[in-house]
Amino acid sequence: NKDLSLDLILNVIKPKSIICLGTAQCFDYLPLINKETLLNGKKRLVVKGNLENIPVYGIPHPSGSYTSNFDLEKISSLLDKHL
């Protein structure tokens with residue numbers, strides 16, 4: 001259940017930040033505000049939004065479509081700056 005999962009995240013786990021593995025299948029399903037794309041390529045490489053006061057980052061799922069080593073390095077560098 002989506003509501004129970006959100007309750008678990010927000011009221012029990014209380015993470016400082018969240019990384020979604022998958023932009024369309026994870027990030028886009030959450031009730032986020034202030035969504036923005038931080039890094040674009042042939043697809044959205046890093047997106048950011050807020051789940052209440054928690055920053056949420058979405059990146060391509062590693063088992064999904066191919067992401068080049070060059071793009072992976074850019075993703076890693078950007079996340080290093082934000083996390």
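Computation of the quantities below employed the complete heavy-atom set of this structure, encompassing side-chain atoms and omitting hydrogens, waters and symmetry-equivalent molecules.
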Ile54 and Leu10: CA distance, side-chain angles, deciding distance, side-chain contact (heavy atoms from CB on, under 4.5 Å) verdict: CA-CA 9 Å; Ile54 302 169; Leu10 296 171; 3.7 Å; yes

Taking C-beta and beyond as the side chain, do Tyr57 and Leu38 meet within less than 4.5 Å on heavy atoms? yes

So the side-chain hydrogen bond (donor to acceptor under 3.5 Å, both in side chains) pairs with at least one residue in residues 33-43 (sequence neighbours excluded) are Lys43-Ser65, Lys43-Thr67

Between atom CD1 of Ile18 and atom CG of Asn50, what is the distance when rounded to the nearest 0.5 Å? 10.0 Å

Looking at CG of Leu8 and CD1 of Ile13, how far apart are the two atoms once the value is rounded to the nearest 0.5 Å? 4.0 Å

State the NE2-OG distance between His82 and Ser17, to the nearest 0.5 angstrom. 11.5 Å

Got a salt bridge between Lys2 and Asp7, using NZ or NE/NH1/NH2 to carboxylate O under 4.0 Å? no

What verdict does the side-chain contact (heavy atoms from CB on, under 4.5 Å) test give for Val56 and Val47, after you've listed the backbone C-alpha separation in whole Å, the side-chain angles of each residue and the deciding distance to 0.1 Å? CA-CA 8 Å; Val56 178; Val47 288; over 6 Å; no

Are Tyr29 and Val46 linked, directly or through other ILVMFWY residues, by side chains that come within less than 4.5 angstrom of each other? no

Rounded to the nearest 0.5 angstrom, the CZ-CG distance for Phe27 and Leu51 is 10.0 Å

Output for pair (Ser76 OG, Ile59 CD1), nearest 0.5 Å, gives 9.5 Å

Is the number of heavy atoms from other residues, nucleotides or ligands under 6.0 Å of Phe70 CZ greater than 12? no

Taking all non-hydrogen atoms of both residues into account, name the closest pair between Leu30 and Cys20 and its distance. CD1-SG, 3.7 Å

Which atom names give the shortest non-hydrogen contact between Pro60 and Ile75, and what distance separates them? CD-CD1, 3.9 Å

Listed partners of Ser63 passing side-chain hydrogen bond (donor to acceptor under 3.5 Å, both in side chains), at least two apart: His61

Nearest non-hydrogen partners of Asp28 and Ala24, listed with the distance: OD2-CA, 3.3 Å

Between atom CD of Glu52 and atom CG of Leu32, what is the distance when rounded to the nearest 0.5 Å? 11.0 Å

